[in-house]
Amino acid sequence: MIELLNVNKTFNGNVKAVDSLNLVIPNGEIFGFLGPNGAGKTTTIKIITGILNADSGSVKVNGIDIKEEPLEVKRSIGFVPDTPNMFLRLKGIEYLNFMADMYDVSTADRKERLQYLAERFGMTDVLYDRIQSYSHGMRQKIVIMGVLIHNPSVWIMDEPMTGLDPKSSFILKEMMREHADKGNTVFFSTHVLDVAEKVCDRVAIIDKGRILFNGTIEEMKEHFNRNESLEKMFLELTDSEK
Amino acid sequence: MKNKTLNLAMILLKNGSGLGLKGSSTATKVMMIVLFAIAIPSMMGGVGAFTVFLIEPLMKIGQQGLVLTWGIGITSAAIFVFGIFYIISTFYFASDVEYLLPLPLKPRQIVGAKFLVVTVFEYIFAAMIFIPIWITYGIRISMGPLYYIYGLILLLLMPIMPLALASLLSMIIMRFTNLKRHKDAFKIIGGLLAMFLGIGINLMMQNMSMNLSPEKLSKLLQQGQNSLIGALPSIFPTAGWAGQALVHSGSLKGLMYFAICIGFSVAVFAGLLALGQLIYLKGVVGLSETGSRRHGHGLQGIDKGVEKGSVISTYTLVELKLLFRTPIYFLNCVIINFLWPVFLLFPFLVRNEEVDMLTEISNAINQSDAGGIILAAFFGLALFVSGSNGIAASAISREGQELYVKKYLPMSYKDQLIAKLLSALTLSYVGIVSMVIVGIVLFKIPVTTGVLVLLTGWLPVLFMCLSGLLIDLYNPKLDWDNEQKAVKQNINVLYSIIIGMGLAAASVIPAVAFKWSITVTLLILCSAFLALDILLYNVLKTVGVRRFGNIDC
Ligand SMILES: Nc1ncnc2c1ncn2[C@@H]1O[C@H](COP(=O)(O)OP(=O)(O)OP(=O)(O)O)[C@@H](O)[C@H]1O
Ligand SMILES: [Mg+2]
């Protein structure tokens with residue numbers, strides 16, 4: 001579970017990227033974070049994962065405040081950033097091993113998960129190549145594998161589907177479902193409405209750093225008449241603020 | 001055409017020379033300026049003092065002009081060393097190459113512009129070493145105004161010869177190592193090959209031309225009047241000519257040598273442009289590809305290298321792996337530790353049955369009262385080497401745009417900084433070990449002194465790593481698009497070098513001036529650096545860690 005209470009973040013003294021944000025992401029559901037470009041999705045995610053410090057407000061993950069126990073919180077989170085371009089000079093296997101060490105995964109566990117994940121994402125053949133030689137989608141997959149290898153209870157993903165082929169994207173969605181069904185937290189951002197509609201149990205819509213809607217897909221549909229397409233609702237949502 | 005080259009050079013200078021002060025606070029800027037104001041003069045003062053120390057005995061035998069030739073030779077060697085990394089990085093690995101290639105520019109214009117950019121950067125080094133020697137000599141020998149005018153122009157020309165040689169080697173080697181797969185490996189091999197060839201050629205030429213017969217030598221010595229300058233060989237002939245021009249600046253002979261220097265430099269530059277026109281493109285095209293193997297390892301293959309390790313050691317190892325595998329980092333940060341000892345020997349590696357400089361020096365070293373100076377000199381070298389490798393001073397900058405990754409890892413910032421420190425410490429310490437080996441084998445320093453250096457040398461090295469890391473934490477250069485900018489065009493590395501040189505001078509000068517014994521030197525330097533290390537470590541643990549957490553990314 002993730003709880004954001006009155007979180008604010010301003011860049012360079014004038015760009016208000018996150019504005020008095022309140023959000024609770026419960027366990028057992030896939031939570032989608034929707035919004036147009038520059039809405040503040042990445043900034044919010046960076047605050048939850050400890051990359052950015054919020055100017056004010058509090059962030060709790062599984063009941064623990066990130067300011068008080070940052071390492072404890074980080075250990076429970078698996079994070080997939082929006083640009084998978086890190087550690088390019090490492091081999092895929094070295095990266096996964098690095099992540100496993102960082103998150104304290106035993107040798108036996110990592111071997112087992114590695115085999116399973118490599119097979120499932122079709123990455124077995126390239127594990128011993130440098131990440132530099134991977135395509136965008138392959139890089140995305142290695143980062144996702146790096147998260148899954150330490151089996152965190154909270155998954156946070158910033159636009160995880162971009163660049164994945166349909167098969168990998170399907171596998172990821174399947175895994176998100178399984179993870180949520182086990183009572184864990186799955187939180188991801190997207191601006192593809194189609195994805196949100198198909199995958200999410202609950203969504204929040206953010207624009208200009210403020211939450212405009214927060215509820216289940218059904219509530220959202222009800223809220224904007226059953227027949228209207230999500231896209232139109234979305235446009236309406238973001239426009240109504242002006 | 002000339003204009004296009006110059007224009008391009010100006011643009012490249014403006015675009016690439018952002019040393020990273022832009023975003024920093026006024027306090028940081030002021031601190032840095034103060035640092036410069038203290039470190040540079042003290043470094044130059046050290047060189048000046050050393051010049052005085054050398055010049056007196058030489059004046060007795062009428063060979064004081066050797067100081068100038070040596071000075072120019074050492075400056076040229078230093079420029080060559082720094083230059084060869086810099087040239088390879090700028091000519092071949094800079095990301096601007098990809099933008100320049102599609103433009104309607106001739107290869108020689110690109111080469112010319114990039115060469116000029118590197119030349120301008122090398123003036124910093126040329127000035128720091130040459131100016132104190134030049135001025136000290138001028139004052140001591142009471143030279144006329146022409147001496148100073150020649151000197152200034154010769155200073156401006158000084159980088160051309162060594163940089164041209166560096167470019168020549170780089171271009172030829174990159175032309176022939178530009179193979180399709182394993183790009184990184186070949187970049188590294190190419191860079192190494194160029195450097196070793198450079199050293200090899202230098203040694204060979206020195207050996208060949210130093211074969212003076214004893215009769216001839218003693219005749220030259222008796223002649224006095226700087227007769228040795230002409231006989232002192234170098235891979236950079238300009239060093240000898242420039243020395244002649246300065247020593248005889250009052251006479252026609254000086255003017256003649258001065259003209260030769262200018263003519264030669266112009267010819268070398270023109271030759272380089274012509275060569276660039278011919279082979280530059282063939283070396284540069286397609287450099288950004290990476291090879292991959294794609295052999296199916298199968299499921300059983302995954303067992304390889306997946307054992308659990310401790311967090312700090314894993315992190316340190318990854319830091320080291322990235323340093324070794326990124327060609328620019330490898331050439332600038334790793335290799336330099338192994339090579340500095342060799343490069344510093346350049347001027348001394350002149351062997352000959354009759355005049356064996358090494359033996360002369362080792363005799364001087366083995367005088368009973370020189371122990372303190374040797375130890376201080378090793379501390380000085382350690383400071384200089386660990387400062388100039390820039391590993392600690394670019395430890396944060398090297399993360400670049402991916403720094404955020406380090407923020408979400410469940411590893412405390414303090415442990416991460418310690419791991420970064422460890423990687424820098426390890427590589428720098430290797431530099432000391434290689435220096436000690438060179439010292440024992442070639443200069444015959446007492447083995448006990450060598451062991452003492454190995455036991456205590458980590459103290460100054462740790463200081464350089466701590467101070468470098470702190471500097472980089474305060475003003476990291478994260479906004480780069482190619483790795484070269486993180487290590488080469490990073491002002492933090494320059495600060496680190498300057499601090500290293502300043503402290504080296506501060507360690508060596510009192511040891512020489514007060515003729516400290518080895519015990520006294522050991523006690524004073526070790527306790528001073530231990531205290532500094534403890535102080536800086538505490539700063540890193542508190543302020544540094546906080547700063548790391550606050551870097552926006
Ligand atoms: N490092 C930064 N410095 C200054 N402003 C920033 C920084 N990062 C983000 N911003 C600003 O904060 C606002 C929110 O950006 P954010 O990256 O959170 O948007 P986003 O919802 O993730 O958009 P996208 O869908 O394009 O990824 C934008 O106005 C952006 O310009
Ligand atoms: Mg985003």
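Order of the sequence lines fixes the chain letters, A, B, ..., with proteins taken first and strands second; residue numbering starts at 1 for each chain. The structure displayed is predicted, hence computed values, not measured ones.
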* Does anything in residues 15-31 of chain A get under 4.5 Å of chain B by heavy atoms, and if so which residues? ->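 Expected list: none.
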* Angle class for the B:Tyr408/A:Phe79 ring planes (parallel below 30°, perpendicular above 60°, tilted otherwise)? ->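 B:Tyr408 and A:Phe79: perpendicular rings.
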* Taking the six-membered ring of B:Phe330 as reference, does the NZ or CZ atom of B:Arg325 fall below 6.0 Å from its centre and within a 45° cone about the axis? ->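 No, cation not above the ring by the 6.0 Å, 45° rule.
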* Asked: Is the cationic atom of A:Lys91 (NZ for Lys, CZ for Arg) positioned less than 6.0 Å from the six-membered ring centroid of A:Tyr95 and within 45 degrees of its normal?
  ->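 Negative - A:Lys91 is either too far from the ring of A:Tyr95 or too far off its axis.
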Sort [X] into side chain, backbone, both or neither according to what part of it lies under 4.5 angstrom from a heavy atom of chain A.
X: B:Tyr413; answer: side chain
X: B:Leu322; answer: side chain
X: B:Val405; answer: side chain
X: B:Gln416; answer: neither

[X]/[Y] ion pair, N-O < 4.0 Å:
X: B:Lys407; Y: B:Glu399; answer: no
X: A:Glu174; Y: A:Arg120; answer: yes
X: A:Glu68; Y: A:Lys60; answer: no
X: B:Arg398; Y: B:Glu319; answer: yes
X: A:Arg89; Y: B:Glu483; answer: yes

Is it the side chain or the backbone of [X] that comes within 4.5 Å of chain B heavy atoms, both, or neither?
X: A:Leu71; value: both
X: A:Ser76; value: neither
X: A:Asp101; value: both
X: A:Asp109; value: neither

* Asked: In terms of heavy-atom pairs under 4.5 Å with chain B, which of A:Met99, A:Lys46, A:Arg75, A:Glu72 leads?
  ->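 Of A:Met99, A:Lys46, A:Arg75, A:Glu72, A:Arg75 has the most heavy-atom pairs under 4.5 Å with chain B.
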* **Contact winner vs chain B - A:Val73, A:Ile77, A:Asp104, A:Leu96, heavy-atom pairs under 4.5 Å** =>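 Top count of heavy-atom pairs under 4.5 Å with chain B: A:Asp104.
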* Asked: Can you name the closest pair of heavy atoms from B:Ala424 and B:Ser428 and give their distance?
  ->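 Heavy atoms of B:Ala424 and B:Ser428 come nearest at O-OG, 2.8 Å.
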* Heavy-atom pair with the smallest gap, counting every atom of A:Thr49 and A:Ile66 ->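 Result for this residue pair: C-CD1, 4.1 Å.
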* Asked: For the candidates B:Val311, B:Ile551, B:Leu409, which exhibits the highest count of non-hydrogen atom pairs separated by less than 4.5 Å from chain A?
  ->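 The candidate making the most pairs under 4.5 Å is B:Leu409.
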* Asked: Does the ring pair (Phe, Tyr, Trp, His ring centres under 6.0 Å) test come out yes or no for A:Phe98 and A:Phe87, once each step is laid out?
  -> CA-CA 10 Å; A:Phe98 172 75; A:Phe87 297 111; 5.1 Å; yes
